[in-house]
Amino acid sequence: MQQTYRLVIDCPDKVGLVASVSQFLADHGATIVEASHHTDQQTGRFFMRHEIGADSLKLDYPSFLSEFAPLANEYQMQWKLADSRHRQRVALLGSLESHCLVDLLHRWHTGELHCDIPCIISNHPQMQQFADWYKVPFHWIDFKGQGKDAAFEQIATLLNEYNIDLTVLARFMQILPDSLCQQLAGKAINIHHSFLPSFAGARPYQQAYDRGVKLIGATCHYVTADLDEGPIIEQSVKRISHSDTATDMVRKGKDCEVTALAHGVRYHLEDRVIIHRNKTVVFA
């Protein structure tokens, strides 16, 4: 894969902003591989993602950071420069439902997800079989034996010890405490097994079946202290009919879950997501 730098910017919208950034890149020989822009008309914020061929730049990574800083300060930018060679360290958390976790492991194993997966954490020991198959260290957390507070302290310790960049709740059916949500703000992704905000809570497919819905779906979002209300990254839906049973809906819903979660994780890993208040800008 071609090495690139991803320049991601969030700042107040201002005339001449794009021209100034473009001029800076041109002055340093940058070849722009991909460019995305968006202005939020309500809040007056401007969002940009430029993917730059690393070999084309006359600057190395540290020099780019120092040379670009004055321009960033002039336009009050929140910005970052990511190197595509850097592989983020991703922890997978799962419970009994294995489809999302196994799907991510397969995509990682085949190179579709450019990351490292140094550990799998679960509150059910049965999940170790999948960790062993993909040769990933496994940690079983006994929620019943030690209580939730101690269990989540153990999880927080593991995330720190493994130096985790992104935590993915791949159908991990435990509610993270507020303190851990704050610690992982913008760095934890969840898949909700319904098309939010409808049918939140228990047995969403049964709720949907009882209501006779024609579309079902799943929602990939960032984790916040407000349960299932974090910024949405991706959603997937499937059409159903009156002939579908609740079991059919569960099966079709799982397809939505793995698709939405895989896309959401990939967008995050490729620096395509910018969180803006309780929403996201996704340059997919």
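All values below come from the heavy atoms of this structure, side chains included, with hydrogens, waters and symmetry mates left out.
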* **From CA spacing to verdict: side chain to side chain contact (heavy atoms under 4.5 Å, CB included), K187, D165** => CA-CA 7 Å; K187 299 182 292 184; D165 298 304; over 6 Å; no

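- Contact annotation: the side chain of I216 approaches that of K252 to within less than 4.5 Å [non-hydrogen atoms, C-beta and beyond].
- Between F47 and H37, the distance from one ring center to the other does not fall under 6.0 angstrom.
- When side chains are defined from C-beta on, V273 does not count as touching V281, because their heavy atoms never get closer than 4.5 Å.
- Taking CD of Q78 as the reference point, atom CD1 of I275 lies at 11.0 Å (rounded to 0.5 Å).
- Contacts of K214 classified as salt bridge (Lys or Arg N to Asp or Glu O under 4.0 Å), with partners at least two apart in sequence or in another chain: none.
- By the 30° and 60° cut-offs, the orientation of the rings of F24 relative to F64 is perpendicular.
- Using a 4.5 Å heavy-atom cutoff, the side chains of L180 and P177 are in contact.
- Listed by first and then second residue, the salt bridge (Lys or Arg N to Asp or Glu O under 4.0 Å) pairs that reach into residues 112-121 are R87-D116, R107-E112, sequence neighbours excluded.
- No option in D13, D10, T39 other than D10 meets the side-chain hydrogen bond (donor to acceptor under 3.5 Å, both in side chains) test with R45.
- Ring pair F152/F143 is perpendicular by interplanar angle, where above 60° counts as perpendicular and below 30° as parallel.
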* Could you give me the CA-CA distance, side-chain angles and deciding distance for I233 and V265, then say whether side chain to side chain contact (heavy atoms under 4.5 Å, CB included) is met? => CA-CA 9 Å; I233 307 169; V265 170; over 6 Å; no

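- Annotation: side chain of R272 is not in contact with side chain of H268 (no heavy-atom distance under 4.5 Å).
- A 4.5 Å side-chain heavy-atom check between I155 and L176 finds every atom pair outside the cut-off.
- Residues near L96 contribute nothing to a hydrophobic cluster around it, because no ILVMFWY side-chain heavy atom sits closer than 4.5 Å to its side chain.
- Remark: aromatic rings of H139 and Y162 are close, center separation under 6.0 Å.
- Screening H99, H193, H192 for a side-chain hydrogen bond (donor to acceptor under 3.5 Å, both in side chains) with E257, the sole residue that qualifies is H99.
- Using a 4.5 Å cut-off between side-chain heavy atoms of Ile, Leu, Val, Met, Phe, Trp and Tyr, I175 falls into a hydrophobic cluster with L227.
- D132 is linked by a salt bridge (Lys or Arg N to Asp or Glu O under 4.0 Å) to nothing, counting only residues two or more places apart in sequence or in another chain.
- Residues F46 and Y75 place their aromatic rings such that the two centres sit no closer than 6.0 Å.
- Counting only heavy atoms from C-beta outward, the side chains of F283 and H38 approach each other to under 4.5 Å.
- E34 places none of its side-chain heavy atoms less than 4.5 Å from the side chain of H50.
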* Could you walk me through whether D60 and S63 pass side chain to side chain donor-acceptor pair (under 3.5 Å), step by step? => CA-CA 5 Å; D60 59 14; S63 299; 2.6 Å; yes

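- With sequence neighbours excluded, the residues that form a salt bridge (Lys or Arg N to Asp or Glu O under 4.0 Å) with D271 are R6, K80.
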